[in-house]
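Notes follow the structure.
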Amino acid sequence: MSLTLHDHETHQLDPADLINFDALLSAPELALRAKVRTFVDEAIKPNIAGWYADAVFPLEIVPEMAKLGLLGMHLKGYGCAGATAVEYGIAGSELEAGDSGLRTFVSVQGSLAMSAIYKHGSEEQKSEWLPKMAAGQAIGCFGLTEPTAGSDPSAMKTFARRDGDDWVINGTKRWIGLANVAQVAVIWAQTDEGIRGFVVPTQTSGFKATPIEQKLSMRASIQCEIELTDVRLPATAVLPNVVGLKGPFSCLNEARYGIIWGAMGAARDAFEDALAYSQQRLQFDKPLAGYQMTQQKLVDMALEINKGYLLALHIGRMKDAGTLDLHQISVGKLNNCREAIKIAREARTILGGNGITLDYSPLRHANNLESVRTYEGTDEVHTLILGNKLTGVPAFR
Ligand SMILES: Cc1cc2nc3c(=O)[nH]c(=O)nc-3n(C[C@H](O)[C@H](O)[C@H](O)COP(=O)(O)OP(=O)(O)OC[C@H]3O[C@@H](n4cnc5c(N)ncnc54)[C@H](O)[C@@H]3O)c2cc1C
């Protein structure tokens, strides 16, 4: 008896969920996932190839994301949705199945810019900016990295000096997401008291953001170089409640957590594209899916996707319970980025030549994941964090 592909039992399953992962999610979590997935299917997937090819960030979908409660989603009050960490992760994963650039926008807005104001800002700063940012009426950016200070932000040169009651900032920031379309920038700078954060309206004289062009990754997303030339701010612009690198790091940890989920969304989408293609594409008289080597690739991808989601959920549940240790975020970020990029590249091989076009998602995801594994702590930085945890010996310098 010959067994055709259509008789195969995996056709009854969600191919990206071999372990009934969904049984671990609550009804509201499943409903949220369905809602964001529908948005991605309708508003992002039909357009992403064009946005990516043209290097366009689709500002027009920001209000739609706000309507879905995705901006500052995990924050409470000020018009934010007050979602759990797991809900935030689920939404990020669905967005990144559309494109990493869209999840990155939500991350820069919510986990970085809004989080900085929420965690470290004055009541006036929170009331002025958070409701507008949650509603998508104001876009925020987060300026930490500099041309000569990346993995080691303590080397930043941007300096804010006191001038009477005012602050005057000079310096250059690089790779700052959304800076040329943002209304507000959270800028981290050296001061005589240590590193401090400043809430800078981007219309302030001396603030100039220029997009970085000719990118091969994150093309449906914007990153800029910011020049700060005698940017004069009132005393009220400083984030009053934090001094030192723990300020930006507290925000980076939120964003790093989101990536644990996001990377698996990109991997899942790449896998699904490759699986579907393998079932239709005939070579040597049968579907690619019918060859053992193709099945090996698909099975290896599915196993890592299932494990990656389990890890994300476990870390998310610990975050919600308040029991998460910071090094555990590094476990998730390092593992899930590393596996996601492998999956996206392997998925591309199944697509053959067609896989190098924007008609299919895997190479676009793989290229985006080059950025995802680089920002919010590179693979090497997270390895050093975990190496330190295991051995007790810091090896950063
Ligand atoms: C798409 C994108 C969006 C971004 N968005 C933002 C943003 O919104 N705001 C912001 O502030 N920044 C942003 N960044 C910057 C990002 O955080 C930095 O790129 C990242 O921290 C790495 O810094 P770097 O690029 O200067 O690389 P470097 O720090 O120069 O590192 C280069 C290489 O050296 C390795 N390395 C560095 N130190 C060590 C060490 N001690 N041991 C071993 N290896 C080491 C790194 O792992 C890496 O492989 C973004 C970057 C990208 C690509």
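Ligands are counted one by one from 1 in listed order, and the atoms in each one are counted from 1 as well. The first residue of the sequence shown is numbered 1, and numbering continues consecutively from there.
Using a 4.0 Å cut-off to heavy atoms of L384, the atoms of ligand 1 that qualify are 40 (C), 41 (N), 42 (N). The atoms of ligand 1 that sit less than 4.0 Å from any heavy atom of G177 are 7 (C), 8 (O). Within the listing of ligand 1, atoms 7 (C), 8 (O), 9 (N), 10 (C), 11 (O) sit less than 4.0 angstrom from a heavy atom of F142. In summary, the atoms of ligand 1 found under 4.0 Å from a heavy atom of L144, numbered by their order in the structure, are 11 (O). Below 4.0 Å from some heavy atom of E380 lie the following atoms of ligand 1, by number and element: 44 (N), 46 (C), 47 (O), 49 (O).
If you check which protein heavy atom lies closest to atom 19 (O) of ligand 1, you get T374 CG2, 3.9 Å. Of all protein heavy atoms, the one lying nearest to atom 10 (C) of ligand 1 is T145 OG1, 3.3 Å.
Checking atom 41 (N) of ligand 1 against the protein gives a heavy-atom contact under 4.0 Å. Using a 4.0 Å threshold on non-hydrogen atoms, atom 33 (C) of ligand 1 does not count as touching the protein. Checking atom 25 (O) of ligand 1 against the protein gives no heavy-atom contact under 4.0 Å. Protein heavy atoms are found inside the 4.0 Å sphere centred on atom 37 (C) of ligand 1. For atom 4 (C) of ligand 1, a protein heavy-atom neighbour is found at a distance under 4.0 Å.
A donor-acceptor contact under 3.5 angstrom links the side chains of Q223 and K215, judged on distance only. Side-chain polar atoms of H120 and S115 form no donor-acceptor pair below 3.5 angstrom. Of the N and O atoms on the side chains of Y309 and S93, at least one donor lies less than 3.5 Å from an acceptor on the other residue. For the residue pair N354 / D359, no side-chain donor-acceptor distance below 3.5 Å is found, with atom types taken as modelled. With hydrogens and angles left out, the side-chain atoms of K297 and T349 include a donor and acceptor closer than 3.5 Å.
Residue Y375 has no nitrogen or oxygen atom sitting less than 3.5 Å from a nitrogen or oxygen atom of ligand 1, judged on distance alone. At under 3.5 Å, not a single nitrogen or oxygen of Q223, backbone or side chain, sits near a nitrogen or oxygen of ligand 1. Polar contact check, W175 against ligand 1: a nitrogen or oxygen pair lies under 3.5 Å apart.
Scanning all heavy atoms of the two residues, the minimum distance from P15 to L275 falls at CB-CD2, 3.3 Å.
In T104, neither the side chain nor the backbone holds a heavy atom less than 4.0 Å from any atom of ligand 1. Contacts between F396 and ligand 1, counted as non-hydrogen atom pairs separated by less than 4.0 Å, involve the backbone only. Contacts of T378 with ligand 1, taken as heavy-atom pairs under 4.0 Å, involve the side chain alone.
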For a ring-ring contact (aromatic ring centres under 6.0 Å, His included) check, start with the C-alpha distance between W175 and Y375, then their side-chain angles and the critical distance, and finish with the verdict. CA-CA 9 Å; W175 289 116; Y375 63 33; 9.9 Å; no
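Note on ligand 1: L178 sits outside its first shell, no heavy atom being nearer than 4.0 Å.
Atoms CD and CD, on E123 and E128 in that order, are 12.5 Å from each other to the nearest 0.5 Å.
E96 has its side chain out of reach of D269: every pair of non-hydrogen atoms, C-beta onward, lies at least 4.5 Å apart.
For the residues G150, S151, C224, the heavy atom positioned nearest atom 29 (O) of ligand 1 is part of S151.
In the hydrophobic clustering of this structure, L245 groups with L239; members are Ile, Leu, Val, Met, Phe, Trp, Tyr whose side-chain heavy atoms approach within less than 4.5 Å, directly or through other members.
A donor-acceptor pair is defined here as one N or O able to donate and one able to accept, closer than 3.5 Å; such a pair exists between the side chain of E146 and the backbone of K157.
Geometrically, K286 engages Y291 in a cation-pi contact, judged by NZ or CZ lying under 6.0 Å from the ring centre and within 45° of the ring axis.
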